[in-house]
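Here is how names work: the chains are called A, B, and so on, in the same order as the sequence lines, proteins then strands, and each is numbered from 1.
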Amino acid sequence: MEQGTKAETTGTLRVKRGLAEMLKGGVIMDVVNADQASIAEESGAVAVMALERVPADIRAHGGVARMADPSKVQEIMEAVSIPVMAKARIGHFVEAQVLQSLGVDYIDESEVLTPADNNHHIDKWAFTTPFVCGARNLGEALRRIAEGAAMIRTKGEPGTGNVVEAVTHMRRMNREIAQAAAAGDDQMMALARDMGAPVELLREVAGAGGLPVVNFAAGGIATPSDAAMMMQLGCDGIFVGSGIFKSGDPAVRARAIVEATTFYRDPEIVAKVSRNLGEAMVGIEIDDIPPGQRMQERGW
Amino acid sequence: MLALQGDVREHARMVAASGGVPREIRTPADLEGIDALIIPGGESTTIGRLATLYGLVDPLRDRISDGLPTLGTCAGMIFLSTAVTGGDQPLLGALDMMVERNAFGRQNESFECELAVEGWEDAFPAVFIRAPVVDRTAPDIEVLASHEGRPVLVRKDHVMACAFHPELTGDDRVHRMLIDLVA
């Protein structure tokens, strides 16, 4: 039985979406160096997001935010055995090519960075490396999936430590999925027009009662309760950006958020892990952010 | 299914389609009354850490050694082994073998292929995602399939493990093997 197998195919839809399936029920943490990556891995992260600065610092720093320095990404890849993701600017297909050549496991085409193209997102079918993209509603999610995204996350409002926008986006997604599932075949085209969604994908969602890819929560998650709430709302897993390494004791908070994500239906465990976490990151009220500076409004 | 993290839902779907009743296990109490165990794909470091923290390692070991039919896929294969190359993560040690994590490379090297399996007429559509392989096994472990000469589907008595993800395909032959062990 050693003759094994026929040809291998890489970069298939199943392989790309499949990795996201494996991350379900887990926490993906933003890290800016090898030390933080190791803390994240030891705390039970299922993957890390390598970037130059966490969203809170990008927000504070201003200016153009770009893909991280390749040496930084590589340092993080060498530090951990779990998957490493990295961010490219919306529409910046060359940053994505660079990240693919570095061998990252997932590319986040992210509104946290300054968009490089006001009209076009990256044609993600052209890549072997899978992509995750942010979405505020079903139409936006399906446009990204039609472009080849293999995983979706809520946009939330990154770098705020304020979960309200992620909740809004997830509730809207759930509502629109239910709406699609309840709509008859004769309503599908009008619904697709209203949502700006490709009709074939909308039909698929209506039939399955859910997205064809994994959907994580992202943008403003700062506490174990935030994570458990997003899971109860139906998210498949959690991205934590600034929430961990901008808090008082990152390792303790990271472990607590991991446990709250697994035991999200058990308030006693969420209470237990929420004790004595030290200071959470300072939050920002969404209304205090001028509309032009809201990251979630980047992309379409 | 051990439901600490990973693709539990896909396994649940396969179990239900093969005539079983899927149940999620997060605490030792959840092990009461189950007839078989699946350890899903996911991140083995995360699953191992949570299993240790919530006191599941010894109860799982005991139930498996008492004859509980068990299937581990990908991360589940790692968790069932006795040793991992270059790692010191918690392991159940139910299959006496050494496993190499991410043996085929990173995500860009993840692949699908048609896998020939001992005793099966038709090849199995195997999906390998940052997959491990078995480096060395004890002689009493049966190798049912290999890829590039390295074992990817193994069995010893009532415990089975595979490096690929049968739960991501529509082919339920691997899950049926497990369910047949219950009968």
Interface residues of residues 152-167 of chain B facing chain A - heavy atom cut-off under 4.5 Å: B/His165, B/Glu167
Which portion of A/Asp266 sits near chain B, non-hydrogen atoms under 4.5 angstrom: neither
Residue selection (most heavy-atom pairs with chain B, distance under 4.5 Å) from A/Gly26, A/Gly25, A/Gly44: A/Gly44
Spatial distance of atom CD (B/Glu112) from atom OG1 (A/Thr9) [nearest 0.5 Å]: 6.5 Å
Step-by-step side chain to side chain contact (heavy atoms under 4.5 Å, CB included) determination, B/Gln107 to A/Thr129: CA-CA 7 Å; B/Gln107 174 62 12; A/Thr129 311; 5.6 Å; no
Any donor-acceptor N/O pair, A/Thr10 side chain to B/Glu109 backbone, under 3.5 Å: no
B/Asp180, CG atom: more than 12 neighbouring heavy atoms under 6.0 Å: yes
Part of A/Val27 within contact of chain B (heavy atom distance under 4.5 Å): neither
Whether over 12 other heavy atoms sit under 6.0 Å from B/Asp140 CG: yes
Proximal component of B/Ser44, with respect to chain A [non-hydrogen, under 4.5 Å]: neither
Atom CD of A/Gln232: over 12 foreign heavy atoms under 6.0 Å: yes
Distance-minimising heavy-atom pair for A/Ala45 and B/Thr46: O-OG1, 3.2 Å
Atom CZ of B/Arg136 with >12 non-hydrogen neighbours under 6.0 angstrom: no
Beyond-backbone contact of A/Met22 with B/Leu168, side-chain heavy atoms, under 4.5 angstrom: yes
Segment of B/Arg106 engaging chain A (4.5 angstrom heavy-atom cut-off): both
Any donor-acceptor pair under 3.5 Å from B/Arg26 side chain to A/Phe263 backbone: no
Positions in residues 4-19 of chain B that reach chain A, provided some heavy atom is under 4.5 Å away: B/Leu4, B/Gln5, B/Gly6, B/Asp7, B/Arg9, B/Glu10
Chain B neighbours within residues 29-43 of chain A, where any heavy atom lies under 4.5 Å away: A/Glu42, A/Ser43
B/Glu43 to A/Pro83 - nearest heavy-atom pair and separation: OE2-CD, 3.3 Å
Contact check, side chains of A/Arg14 and B/Ile129, non-hydrogen atoms, under 4.5 Å: no
Top contributor to chain B contacts, counting heavy-atom pairs under 4.5 Å, from A/Thr128, A/Leu19, A/Val84: A/Leu19
Nearest atoms (heavy-atom pairs only) where A/Ser81 meets B/Thr45: OG-CG2, 4.4 Å
More than 12 heavy atoms of other groups within 6.0 Å of B/Phe104 CZ: yes
Chain A contact via B/Asn108 - which portion, at a heavy-atom distance below 4.5 Å: both
Atom pairs and distances, side-chain donor-acceptor, residues 50-57 of chain B, under 3.5 Å, sequence neighbours left out:
{"unit_1": "B/Thr52", "atom_1": "OG1", "unit_2": "B/Gly48", "atom_2": "O", "d": "2.7"}
{"unit_1": "B/Tyr54", "atom_1": "OH", "unit_2": "A/Glu259", "atom_2": "OE1", "d": "2.6"}

